[in-house]
Amino acid sequence: MPTKESRPKAAGESAIVIDFGSQYSWLIARRIRECGVYSEVVAHNTPWEKIESLNPRGFILSGGPASVYEPDAPHAPMYVYEKGLPVLGICYGMQTMAYQLGGKVAKAEKHEYGLAMLYKNQVDSPLFAGLPDAIPVWMSHGDRIVEMPEGFSSIAYTENSPIAAMSNNQKMIGIQFHPEVVHTPQGKEILSNFLLKICDFKGTWTPESFIDHQLASIKQAVGDGHVICALSGGVDSTVVATLLQKAIGDQLTAIYVNNGLLRRDEVERTIKIMRKNLQINGSYVDATERFLDQLKGITDPEQKRHIIGNEFIKVFEEEASKIGKVDFLAQGTLYPDVIESTATVSRTSATIKTHHNVGGLPEKMKLKLIEPLRYLFKDEVRQVGTALGLPEEMVWRQPFPGPGLAIRIIGDVTKDRLEMLRSADWIVMNEIKKAGLYRQLWQSFAVLTPLKSVGVMGDYRTYKYVVAIRAVTSQDAMTADWARLPYDLLARISNRIVNEVEGVNRVVYDISSKPPATIEWE
Ligand code: XMP
C-alpha cells in the first residue's frame, strides 16, 4: 500500500466525492480536477479518519442506482452534514441528502431521462452565477424530492421536477441533474461555481504543483533506499521513472525488458528518448528468445498472459539481483485502477482478462511499492509528462498492452507471424499519423487473425491471412467506441497492407464498441 504522503494533495485541500455506485463518480472527480481542485472518490462508508489528512473543504455526493427508501440503500456518513462544509448532492446524492435531513423522496410518476431545460427560480444562488436563466441539463432519475428538508428551498426547476435544485443557508445544495456529463454543456461552470464560489477553493492544483509535491514526498519516502522500476516505453512508466530520477537520481535503476513482442523500432525509439531526455540509471535486457520459447504452441490467450507475466517476473528478478540491495518498486498504477478496486459497488465483477503489468513482483521480491501516479487519470499523466519536459512523441504515445503483440496475434505466436503483424501495424501507425489522427484516437493498431481466405492477386489464386484494423476513441479504456475513420484512409491502409505485407490478402475493419467487445482482440 502506498503511504498517505504519496497523495498529491499539493494544494493542501481537496473535494471529496462520496461514491454511491454511479458509473459517473470518477468523471465527477475528473471534472473537479479540471477546475484546479484536487479530488478523490471514496466509498460511502469511509470513516472520517481515512479522509481527514486530505483536508476536505467540500463534499460531492455522487449519483447511484439505488432508491433511498430501499432497506439496503447506501447513505452518506453523518460527518458530511455535521462538519459545516459545503455539500453538493447530485441525483441520488441529492435524494439521500433530502432523506437523511428529514425530507421526503418518492417515485416520480414519469422517469426523467435525457435532456431537460432547467429554469432558475427568483433566487440568487452562487451555483448558477454567470449562467443564463434557462440552461439544458442531463437528467437520469426515477425518484424525486416531494418534500424538502427544513431550511431548504427550491432554486431551479424543470418541466417534470419542481425541485430540480435546492439549497439551504448552510451551503448544502442538491441538484437532480448531472453536471459532470458532456450533455450538460454548462456543467463545468456549475461545478466550478460550487468549488470556487461556495467552497472557496483557490483552484491551484496543477501538474506543476503535483510534481513539486511528488518530488518532496518521494524523497521523504525513499530516504537513502534504492528503487527499481520497469520501463515499458509507454507514457506511464516513463513519467514514473522521470519523477523518480528527478527526486532521487542514482538511487533509481530502471529495467527495460524486451520480451520480443514489441512493435517495429520500438526498442530503438524508446532507448533514444531515454538517453536523450533522461539521465536514468538503467539496464536493457533482450529476452526475446526466452519469451518466444515459452510461448511456442500456446494459443489460449489467458495462458499467453500467464506465461508472459511469469517470464517477465523471472527476467526482472534476475536483473534486479545484479543491482544489490533494493527496497522499493515503483509502478505506474493509475487512478481508474484504484477506483475499480475500491468502489463501493464493484463495477467489474468477473475477471475478463488478467492484466499484466508488474503485478506479483512486490510480494515475491518483498519490495515496498511506490506509486506516484496512483491518484491521476491518464490525461493528467500526460499533462505531468509535458510539465516534466518529456517529448511530445512520448507523452502522446497510445497505450500498448504489457503482453504486447502476443495478444494481437490470435493463435500461435511465431517469429514469422510477429514480423507480419509488425509490418501491418507499422503501416497503420504511419497512415494514422500522416492523417493527423493519432492523438485523437485512444488506440489504433492491426490484429493478425488465424483465418486464411481465398483471394486473387495478378491472375493467381492466393490463400492468405486476414488482418483486422482496430481504432477506438475512449477516455480511460473502460468504455470505447470504434473510430469513424475516413474511408479514404481505410482504403490506403488496406491497399498498403495487402501490397506490402507478405502473407496477407484481406483487411477488415472492426466496428464493435466496448462493451460488448473489448479494445484488444485475443
Ligand atoms: P481491453 O482489451 O480489455 O483493454 O478493452 C483495455 C485497455 O487495456 C490495455 N491492456 C493492457 N494494458 N497490460 C496493460 O498494461 C495488459 O495486460 C493489458 N491488456 C489490455 C488495452 O490495450 C486497452 O488500452
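Every number for a ligand or one of its atoms is a count from 1 in the order of the listing. Since the model is a prediction, treat every value here as computed from it, not as a measurement.
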Q: At a 4.0 Å threshold, what atoms of ligand 1 neighbour a non-hydrogen atom of Trp442?
A: 24 (O)

Q: Hey, is Glu522 one of the residues with a heavy atom under 4.0 angstrom from ligand 1?
A: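 Per 4.0 Å heavy-atom rule, Glu522 does not contact ligand 1.
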
Q: Provide the full list of ring-ring contact (aromatic ring centres under 6.0 Å, His included) pairs with a residue in residues 227-259, sequence neighbours left out, each pair given once.
A: Tyr256-Tyr284

Q: Hey, which atoms in ligand 1 end up nearer than 4.0 Å to a heavy atom of Ala477?
A: 6 (C), 7 (C)

Q: Should Arg408 be counted as touching ligand 1, given the test is an N or O pair under 3.5 Å?
A: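 N/O-N/O distance under 3.5 Å: no.
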
Q: Exactly one of Val472, Leu405, Ile519 should register a side chain to side chain contact (heavy atoms under 4.5 Å, CB included) with Phe445. Which one does?
A: Ile519

Q: Among Ile519, Val472, Ile407, Thr479, which one has a heavy atom closest to atom 5 (O) of ligand 1?
A: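 Considering heavy atoms of Ile519, Val472, Ile407, Thr479, the nearest to atom 5 (O) of ligand 1 sits in Ile519.
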
Q: Quick one: which of Val239, Val395, Val381 gives a side chain to side chain contact (heavy atoms under 4.5 Å, CB included) with Thr386?
A: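 Exactly one pass, corresponding to Val395.
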
Q: Is a side-chain N or O of Gln398 found less than 3.5 angstrom from the main chain of Ser444, in a donor-acceptor match?
A: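 Checked: pair present.
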
Q: Answer yes when Arg31 and Glu34 have at least one side-chain N-carboxylate O distance shorter than 4.0 Å, and no when they do not.
A: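 Yes, Arg31 and Glu34 are salt-bridged.
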
Q: Between Phe400 and ligand 1, is there a nitrogen or oxygen pair with a distance under 3.5 Å?
A: no

Q: Partners of Asp293 by salt bridge (Lys or Arg N to Asp or Glu O under 4.0 Å), sequence neighbours excluded?
A: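 Per chain and number, Asp293 pairs via salt bridge (Lys or Arg N to Asp or Glu O under 4.0 Å) with Lys296.
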
Q: Which atoms from ligand 1 have a heavy atom of Lys514 less than 4.0 Å away?
A: 1 (P), 3 (O), 5 (O), 6 (C)

